[in-house]
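So the structure is just underneath, and the comments pick up after that.
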Amino acid sequence: MDPQMKRGFIEACVLASLHERESYGYQIIRTIPTVLELTESTLYPVLKRLENAGQIAVRTSEHKGRLRKYYHLTPAGEARLTEFIAERAQIRDIYDYIEGYSGKDSAHE
Amino acid sequence: MNKHEYLEELTHQLRVIPDDEIERARAFYSKSIDDRREEGLSEQEAVASLESPVEAAQRIISELPTRPRATAKLHAEKTSSFNRTAPANADTTDSSLSVPLLIGITILTLIVALVLIGIWVAVISLLVGTPVVLIGTIGLGHGDIAITLAGVGLGPHGRLRAFWFTSRACCDALDEIPHCMGVSSNRCFRMISASYPMPNKSLPGCGIP
């Protein structure tokens, strides 16, 4: 997958993974679809970016004698997630356009 | 490679970015290794499942905002170069910003320097003018003349006038103690006037020929 597209999807997937409950780095990596090939090196900047944007927040809690950072969604993150889902129709239109003009249909491949 | 070695290498690779960023990245990778060990992996296996410190550092730096990334890139190019003649602190990434900044600093410095020079000129004028005003006022009783002297106190002509009036004041003071000095004020003043002639005509009320 194109890295630029992947980046946008990773952000949305991280937000979605935190929708139900808070989570920590390694657990987020395990829950994100493997097609996105998420690693610590990819996740670390994404978490930082989302945190700076106020879409996620972090708390530190003791876990088995060591400190662990738990990330959770903020109202701004919820709004971004809703926005991303609402963009689905627009993305589909773009794919329809590309398929229509390229003469290639993904359903036949 | 164990956890300590991995984090040390990561720190080394990230040395071009701010210290707080390095610390955050170290903490994140340290926790990831601990989480993997908790899953049952050994320390070596946990470290091996991560990207190499070089790849991790490159990705972290590539995600930084433009300016720190450019600085990091420049630093990396410098350290990899065999040419060490360039100054270590020559950072050209901000040249577009630094030129207006330098111009601004230069203008500000000039303004401050001019203000300071003005203050010093005023202070020196007061230091020179005040004694002349006092002597002229007390000794001669001509405040208007003294003020005129203070106004021209800095010029060569003004200095001569100041000297002349000061001498006159001193000589007048001799009248108060004629028996002690044995010299009359008029004689005293004539002696001085002969050596230092008054640039203008004699002033009324001073008893000067």
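A note on names: the letters A, B, ... follow the listed sequences, proteins ahead of strands, and every chain is numbered from 1.
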Report task. State whether A/Glu51 and A/Lys69 are salt-bridged, where the test is any N-O pair (Lys NZ or Arg NE/NH1/NH2 against Asp/Glu carboxylate O) under 4.0 Å. Result -> no
Query raised in the report: Considering only heavy atoms, which portion of B/Glu39 lies under 4.5 Å from any heavy atom of chain A: side chain, backbone, both, or neither?
Result: side chain
Query raised in the report: Hey, which of B/Arg59, B/Lys31, B/Arg36 is the one that makes side chain to side chain donor-acceptor pair (under 3.5 Å) with A/Glu40?
Result: B/Arg36
Query - Lys/Arg N to Asp/Glu carboxylate O, A/Glu37 vs A/Lys6, below 4.0 Å - result: yes
Report summary line: Turns out that what part of B/Ala27 lies under 4.5 Å from chain A's heavy atoms comes down to neither
Query raised in the report: Checking A/Leu47 against chain B: side chain, backbone, both or neither under 4.5 Å from a heavy atom?
Result: side chain
Query raised in the report: Is it the case that B/Thr109 and B/Thr106 place a side-chain donor and acceptor less than 3.5 Å from each other?
Result: no
